[in-house]
Asker: 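If you scroll down you'll find the structure; I have some questions about it.
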Amino acid sequence: MRPIAKENLSERAYAQLRSALMHGQLKPGERLLLRPMSERFGISATPMREALLRLVSEKALALDARGTVVVPTLTLEQLLEIRSIRLDLEGRAAAEAARIASSEAITELEEIHARISECHRTGAFARAVNLNTAFHLQLCESGKLPIVLEIVERLWVRCGPILSHLYDAGVPDWEPHPHLRIIAALRARDPEGARAGIQEDIERGGKGLLDHVRSATEED
């Protein structure tokens, strides 16, 4: 997270915090104390407080019993609901991307996946999580359905904090990887192939997240 400067500091802090949530850089249960967060972002307390409370109002963050802002922990029911909505909306966006995405946009997705594969090879899993988020959002953006993209981003803000557990069971041994199926479908202008690819990725790729939440629920 880079220090924030210039004007519109509250808006910039909001955007940075939102991105950090989507990319798994803030963990469930983490307490976001005002002074440390202000120092982390290089911004004064007032705009940081405004950004935190804005995310609380959107249910992306929560307040604990003492009024401290915390990253909420998803229940299994919430995660299953989010996954169900993502299957529908990201599938719809992928299908539309297969119809209209430019060759440049498809190449960009291909390059993102290549970097993910390199992260898998080197064990750079935190970086892989960031890139995986980028792949999904870029694919959704390529469908040019702005309302769908807005909703999908909100879902990623809600589920992003548990992405640190994406590789708890190691790197999936898929052949081919669903991302490659998606890219091939985009190049072939195959909407249903793209839809099926992203839905497979969400279902199979998210299995470790479901297992983690189930395990945490049983422990509680």
Side-chain angles (χ1 to χ4, degrees), residues 19 21-25 79-212:
S19 176
L21 288 165
M22 281 194 286
H23 290 81
Q25 296 167 5
L79 183 56
L80 287 169
E81 183 178 359
I82 288 171
R83 187 181 73 159
S84 176
I85 300 169
R86 286 183 57 212
L87 286 168
D88 179 20
L89 295 185
E90 291 190 41
R92 188 176 306 184
E96 193 61 25
R99 297 185 181 97
I100 67 171
S102 67
S103 59
E104 292 80 9
I106 298 171
T107 297
E108 183 175 350
L109 288 168
E110 202 165 36
E111 291 171 350
I112 292 172
H113 179 70
R115 295 199 293 274
I116 293 172
S117 297
E118 178 62 16
C119 289
H120 290 170
R121 189 185 68 79
T122 61
F125 296 126
R127 173 69 172 155
V129 167
N130 289 340
L131 290 167
N132 182 67
T133 301
F135 184 95
H136 280 258
L137 296 181
Q138 177 64 35
L139 175 63
C140 196
E141 187 173 350
S142 297
K144 299 192 183 303
L145 299 172
I147 296 175
V148 169
L149 176 61
E150 179 183 349
I151 297 170
V152 168
E153 285 182 341
R154 286 177 176 266
L155 295 173
W156 275 82
V157 169
R158 295 288 295 274
C159 69
I162 65 168
L163 290 178
S164 59
H165 297 283
L166 190 62
Y167 295 103
D168 280 2
V171 178
D173 184 18
W174 295 346
E175 189 57 45
H177 192 287
H179 290 181
L180 297 178
R181 287 188 57 197
I182 294 162
I183 292 164
L186 295 179
R187 293 204 182 280
R189 299 302 177 192
D190 175 7
E192 292 313 309
R195 187 195 305 271
I198 194 62
Q199 289 178 339
E200 178 190 8
D201 191 38
I202 293 169
E203 289 188 316
R204 293 180 63 188
K207 183 178 182 301
L209 302 180
L210 289 174
D211 290 343
H212 167 73

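Below, all heavy atoms of this structure are taken into account, side chains as well, without hydrogens, waters or symmetry copies. Heads up: numbering here begins at 1 and tracks the sequence.
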Asker: Donor-acceptor pairs under 3.5 angstrom involving side-chain atoms of residues 200-208: please list them, not counting sequence neighbours.
Answerer:
{"from": "Glu200", "atom 1": "OE1", "to": "Arg181", "atom 2": "NH1", "distance (Å)": "2.5"}
{"from": "Glu200", "atom 1": "OE2", "to": "Arg204", "atom 2": "NH1", "distance (Å)": "2.6"}
{"from": "Asp201", "atom 1": "OD2", "to": "His136", "atom 2": "NE2", "distance (Å)": "2.8"}
{"from": "Asp201", "atom 1": "OD2", "to": "His179", "atom 2": "NE2", "distance (Å)": "3.0"}
{"from": "Lys207", "atom 1": "NZ", "to": "Asp211", "atom 2": "OD2", "distance (Å)": "3.0"}

Asker: Grab the two heavy atoms, one from Cys140 and one from Val152, that are nearest each other, plus how far apart they are.
Answerer: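 Heavy atoms only, the tightest pair is SG-CG2, 3.9 Å.
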Asker: According to side-chain hydrogen bond (donor to acceptor under 3.5 Å, both in side chains), does anything in residues 140-157 pair up with another residue at least two apart or in another chain? List the pairs.
Answerer: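 Of all non-adjacent pairs touching residues 140-157, those that pass side-chain hydrogen bond (donor to acceptor under 3.5 Å, both in side chains) are Glu90-Trp156.
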Asker: Which residues pass the side-chain contact (heavy atoms from CB on, under 4.5 Å) test with Leu210, not counting sequence neighbours?
Answerer: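 Per chain and number, Leu210 pairs via side-chain contact (heavy atoms from CB on, under 4.5 Å) with Leu76, Leu79, Leu80, Arg83, Arg214.
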Asker: Look up atom CG in Leu139 and atom CD1 in Ile183, then write down how far apart they are to the nearest 0.5 Å.
Answerer: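 Rounded to the nearest 0.5 Å, the CG-CD1 separation comes out at 9.0 Å.
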Asker: Using atom types as modelled, flag every donor-acceptor pair under 3.5 Å from a side chain in residues 126-134 to any protein atom, sequence neighbours excluded.
Answerer:
{"from": "Thr133", "atom 1": "OG1", "to": "Met22", "atom 2": "O", "distance (Å)": "3.4"}
{"from": "Thr133", "atom 1": "OG1", "to": "Val129", "atom 2": "O", "distance (Å)": "3.2"}

Asker: Roughly how far, to the nearest 0.5 Å, is the CG atom of Leu109 from the CG atom of Leu180?
Answerer: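 Interatomic distance, Leu180 CG to Leu109 CG, rounded to 0.5 Å: 11.5 Å.
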Asker: Using 0.5 Å steps for rounding, measure from the SG atom of Cys159 to the CD1 atom of Ile85.
Answerer: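 So the SG of Cys159 and the CD1 of Ile85 are separated by 10.5 Å.
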Asker: Apply side-chain contact (heavy atoms from CB on, under 4.5 Å) to the pair Gln138 and Glu108, showing each step before the final yes or no.
Answerer: CA-CA 9 Å; Gln138 177 64 35; Glu108 183 175 350; 3.7 Å; yes
Asker: Using distance only, find each side-chain donor-acceptor pair of residues 190-199 under 3.5 Å and give its atom names and separation, not counting sequence neighbours.
Answerer:
{"from": "Asp190", "atom 1": "OD1", "to": "Glu192", "atom 2": "N", "distance (Å)": "3.4"}
{"from": "Asp190", "atom 1": "OD1", "to": "Gly193", "atom 2": "N", "distance (Å)": "3.0"}
{"from": "Glu192", "atom 1": "OE1", "to": "Arg195", "atom 2": "NE", "distance (Å)": "3.1"}
{"from": "Glu192", "atom 1": "OE2", "to": "Arg195", "atom 2": "NH2", "distance (Å)": "3.4"}
{"from": "Gln199", "atom 1": "NE2", "to": "Leu87", "atom 2": "O", "distance (Å)": "3.0"}

Asker: Enter the distance from Leu186:CG to Glu110:CD here, rounded to the nearest 0.5 Å.
Answerer: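 Rounded to the nearest 0.5 Å, the CG-CD separation comes out at 10.0 Å.
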Asker: What's the separation between atom CG in Leu89 and atom CG in Leu149, rounded to the nearest 0.5 Å?
Answerer: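 Reported to 0.5 Å precision, the distance equals 10.5 Å.
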Asker: Within the 4.5 Å heavy-atom criterion, are Arg187 and Thr107 side-chain neighbours or not?
Answerer: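 Heavy-atom side-chain distance check passes, below 4.5 Å.
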Asker: Could I get the full list of side chain to side chain donor-acceptor pair (under 3.5 Å) partners for His165, not counting sequence neighbours?
Answerer: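 Applying side chain to side chain donor-acceptor pair (under 3.5 Å) to His165 gives Asp168, His212.
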Asker: For Leu166 and Phe125, run side-chain contact (heavy atoms from CB on, under 4.5 Å): C-alpha distance rounded to whole Å, both residues' side-chain angles, the deciding distance at 0.1 Å, then the answer.
Answerer: CA-CA 9 Å; Leu166 190 62; Phe125 296 126; over 6 Å; no
Asker: For Glu118, is the CD atom crowded, meaning more than 12 foreign heavy atoms sit under 6.0 Å from it?
Answerer: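 For Glu118, atom CD is crowded (more than 12 foreign heavy atoms under 6.0 Å).
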Asker: Would you call the rings of His177 and His113 parallel, tilted or perpendicular, taking 30° and 60° as the class edges?
Answerer: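 Taking His113 first and then His177, their aromatic rings sit tilted (interplane angle of 30° to 60°).
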Asker: Just how far is it from atom CG of Asp88 to atom CD1 of Ile151, taken to the nearest 0.5 Å?
Answerer: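 Between Asp88 CG and Ile151 CD1, I get 9.5 Å after rounding to 0.5 Å.
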